[in-house]
Structures are given as C-alpha cells and as structure tokens.
Amino acid sequence: MNKPHFALSLIGAFSLTLLAGCTMEPHYQRPALPVASNWDGAKTGAAEDIGWKAFFNEPAMNQLIDLSLKNNRDLRVAALNVDTARAAFQIDRAALLPTLDASAGETNQHLPGGLYSTQNTGPVTYQQYSANLGVTSYEVDLFGRVRSLRDQGLETYLATEATQRATQISLVSEVASGYLSLAADNDLLKLAINTANSQNKSYELTRRSYDSGISTSQDLVQAETTVRAAQADIAQYTRQVRQDVNALTLLVGTTIPQSLLANATLQQNWKFPQTPAGLPSDLLTRRPDIIAAEHTLKAANANIGAARAAFFPSITLTGTAGSESGSLSKLFDGGTGAWSFMPSINIPIFDGGVNQANLDIARDTKKIDVANYEKAIQTAFKEVSDGLAGQATYKDELLARQQDADANQRNYDLSQMRFKGGVDNYLSVLVAQRSLYSAQQTLITTQLAQLNQDISLYKALGGGWKE
C-alpha cells in the first residue's frame, strides 16, 4: 500500500471539510413586535420569579399539582417528545463527521479444471482474507447543506423543549382552576341544599296555612315552585361536583386521595401573590410558547440554507485502508497492505424544477412560521392585557357583589318580619328569597372568576414553570 499517497488524499479530503464552514442560510433577524410597546398601568416584575409552589400555596391544591407533574400523561408525552427531538438532533449533528467502519471478510472460490484459467493447473481453490478501515459516502459540506440541516435539528429540539415547559405551565394552571371549580361547585351545592331546606320549611308552613284557609292556592303553588327549583339545583351541582372530580383525576393522572378533595371550598382566605407585568418584550424570554415559536422560525430559516445548497455541486468521499492476503496467518505481514480512495462529485444540471420547488416551500414555510410567531406574541399580549384588566376591576366587582348579597339578606329578613307581622303577603317573602339565592350564587361565581383571573395572568406572564 502506498501509505504516503493515501495519507495525502485523506489530508486533502479533510482539508475540504475544514474549509466547509459557511452556510447559505439567510441572516436571521427577529421580527418586530406586532403589539404596543407597553401595557396600561403596567408594573415591573417577573411572574416566573414566583415559583408555582409559592403562588399556589394552598396545601391541597399544592399537593394536587405536585401529583399531576409526576403522573399526567400529556406531560409524559411532552418529555418523550423532547427525548426524541434530542436524538434526531444527534443524528443530524453526526452527519458533519465521517463515519469510520471496520470490516473483516473471507472469500473462498473453487474453479474446476479445463477452464481457460485452469487448463494448466487443474481444479483450483482460492482463499482471500481482508481487514479494512474506511469512510463510506462522506459528504464534504462545501456549501453548508449538512450544517443547515444540523441547525434545523437543533432549533427543532429547542422548540420541543420549550413546548414541554409550556405544557407544564398549562397543566399547573388547569389543575389549580379545576380545584377552584370543585370548590365553587361544593359551595353552590351547599347553598342549594340550605336554600332547599329553608324553602321546604316555608312550603310546609304555607301548606298548613292553606289547609287552615289563611293562604291562597296561588301562595301554595308559588312556594312549591321555589322548592322544586332548589331541588333541581341540588341535582345540577351534585352532577357538577362529580364531573369536577373526574376532570381533576384525568389531569392528575392517578387516583386522588379523598382528603385532598373533601374540604374544597372558596369560603377561606384565598389570595394569590401579586404578579406584576413588565414590558411586552419581556414575554419573549418568559413565555415558552413564544420561545418555541421563535425556535421553529429559526429552524425554517436554516432549512432555506439547505434548500439553497442543493443547487450547488456536492462532493462525496469513500475510502478504505487495510490488508489483504490469501492466508489468514499472513494477513498482517509486510506487503499485504491495500487501500482505495473514491471521491465523487455530483453537479445538478436538470431536475425538473425539484430544487426550486423545495426552495419555494422552504421560503413559504418561513413566512408561515413568521406569522405563527407574531400570532403567539399577539395572543400573549391579549392574555396579559385581559389579566391586567381583570386585576383592576374584579376587586370592585367582588365588593359590589358582596354588598348586594348583604343587602338581599337584609331584605329577606325584613320581608319575613313583615309577613309574620301581617303587613305583607307571602309573595314578597318568596321574591326576596329568590333574589337572595341568586345574589349568593352570583357572589360565588364572581369569587371563582377573580381567582381564575389571577391564575390566568400568572400563566400568561410565563409563571408556573419553576418550583
């Protein structure tokens, strides 16, 4: 084997590889923010600095979230998608380096006598042994096609990783909201039961008055309608409580201990930490969905480089070096060396427009990803703006709802006193009771809406990823 010649060939090939450092990817520039530059009444701060354990500090809710992070199937799939994307990136990155393969073989051939090559020797058996180390079909990346594919794989992996974080944030907020929905429906069910008991007592009093000839049949019917309505609400809220538990079980991904659900109620000092909003540009580094969208955009940008490089020649190297001998015992003796070096060049001449079509697809895909990236920012801006609007107004609404419920309670108490004193008929008591029941229901649903708004703002600002 002419080792100097082979060595020079390999050195020349790898020199080309080292020179192939350029790519034909367009220069990436982050698109401008398609939203206003600030929020109305914004404060400085970062939601992600408040870990989910500190934000969702109610013990039962905290434990439910912890269980979901360990057992939720969507989160498991997201984690496995990250592993898959990481492995795919390793494959793309490995294409930048030559693949070395070692091989060993034995060839046996028997030729009968009488052939042209065996007329003088008679039957002959040939044996050949070989051992080689070689590079097969290694592409010299002169125009950056392989590097662009590597970059695309990296950005796809990073996008998948960010999507996993977005999935966790959504899961944390969904479990918290699901627990609050259970708490609200528990309170509504308790309210419906208490109201039904009270109205049933009133109905019995009215029925006795009717039997005594004091109340009219209309009074009796009106009293019965309130009882039936409350009984229907009991059935409705009982169903909703069971469905809330089912929804939480699906989110958590495992059986939930009854102790975590038994005392779910809004009638406690619920108060989440404040989540001040910074500048809209801060979302670019906080929101995993926006981060994922930008990595997807960068992957599309890299794909354009690969599509451009396909228009240019490509060089492929194949080479082996080793030893060959007719005897296994002499395989590595002097004079048995062998080598081969087979560079090839492929020059695109006519492909029916395939390369141009691939480039057009890559460019259009980037435009689509730009639009998706901008839409992700606009969606985030809208969600944060809604959260800030809720933060500024729910406090006033909740206070008004509480005052309304208190006023209806006083009105109901006065109506009962006037009825017992013979000043008013029982219809005024029923009207006041219905109004009080409606006001109490509205107060509970408003409490739920305010707490869910706090969760939504925390999520919108990128919180819920860190512990």
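It should be emphasised that the depicted structure is a prediction, and the values quoted were computed from it without experimental measurement. We count residues from 1, following the sequence as given.
Screening N301, N303, T296 against K366 for a side chain to side chain donor-acceptor pair (under 3.5 Å) leaves a single residue, N301.
The neighbour count for R242 CZ, taken as heavy atoms of other residues, nucleotides or ligands under 6.0 Å away, does not exceed 12. Heavy atoms from other residues, nucleotides or ligands lying under 6.0 Å from CD of Q29 number 12 at most. More than 12 heavy atoms of other residues, nucleotides or ligands lie within 6.0 Å of CG in N71, so this atom counts as buried by the packing criterion.
We find that R145 and D141 are not joined by a salt bridge, their nearest charged nitrogen and carboxylate oxygen being 4.0 Å or further apart. At a threshold of 4.0 Å, the pair R410-D406 does not count as salt-bridged, since none of the basic side-chain nitrogens sits closer than that to a carboxylate oxygen. Electrostatic pairing of K190 and D187 does not count as a salt bridge here, judged by no charged N lying under 4.0 Å from a carboxylate O.
One finds the CD1 atom of I455 at 11.0 Å from the CG atom of L457 (value rounded to the nearest 0.5 Å). Taken from CG in N263 to CD in Q258, the straight-line distance is 9.5 Å, to the nearest 0.5 Å.
Minimum heavy-atom separation, D396 to A392: OD2-O, 4.1 Å. Residues L448 and S181 come closest through the heavy atom pair CD1-N, 3.9 Å. The two residues A439 and A405 have their closest heavy-atom pair at CB-CA, 4.0 Å.
Using modelled atom types, one finds no donor on one side chain facing an acceptor on the other under 3.5 Å when comparing Q236 with R239. Side-chain atoms of Q240 and D244 form no donor-acceptor pair, as typed in the model, at a separation below 3.5 Å. Using modelled atom types, one finds no donor on one side chain facing an acceptor on the other under 3.5 Å when comparing E155 with Y28. Side-chain N/O atoms of Q356 and D360 include a donor and acceptor closer than 3.5 Å. A donor-acceptor pair shorter than 3.5 Å cannot be found between the side chains of Q168 and R165. Under 3.5 Å, the side chains of N81 and T160 contain no donor-acceptor pair of N or O atoms. Side-chain N/O atoms of T318 and T136 include no donor and acceptor closer than 3.5 Å. One side chain, Q441 or Y437, offers a donor N or O that lies under 3.5 Å from an acceptor on the other.
You'll find the side chain of V370 reaches within 4.5 Å of the side chain of L297, heavy atoms only. Here the side chains of S170 and K459 are in contact, with some heavy-atom distance below 4.5 Å.
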Next on the checklist: Please evaluate residues K70 and D66 with respect to the criterion salt bridge (charged side-chain N to carboxylate O under 4.0 Å, His left out), reporting the C-alpha separation (whole Å), side-chain torsions for both, the decisive distance (0.1 Å), and the verdict.
Outcome noted: CA-CA 7 Å; K70 296 175 181 176; D66 190 54; 3.2 Å; yes

Checklist entry - Are F143 and F311 close enough, and set up right, to give a ring pair (Phe, Tyr, Trp, His ring centres under 6.0 Å), and what steps lead you there? => result CA-CA 10 Å; F143 299 98; F311 285 88; over 10 Å; no

Checklist entry - Does the salt bridge (charged side-chain N to carboxylate O under 4.0 Å, His left out) test come out yes or no for E383 and R287, once each step is laid out? => result CA-CA 12 Å; E383 290 174 353; R287 291 258 308 208; 2.8 Å; yes

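Listed for the Q152 side chain is no donor-acceptor partner under 3.5 Å among the backbone atoms of A300. One N or O on the side chain of S68 and one on the backbone of I65 form a donor-acceptor pair closer than 3.5 Å.
Aromatic ring pairs are classed by plane angle as parallel below 30°, tilted from 30° to 60° and perpendicular above 60°; the pair F272 and F55 is parallel.
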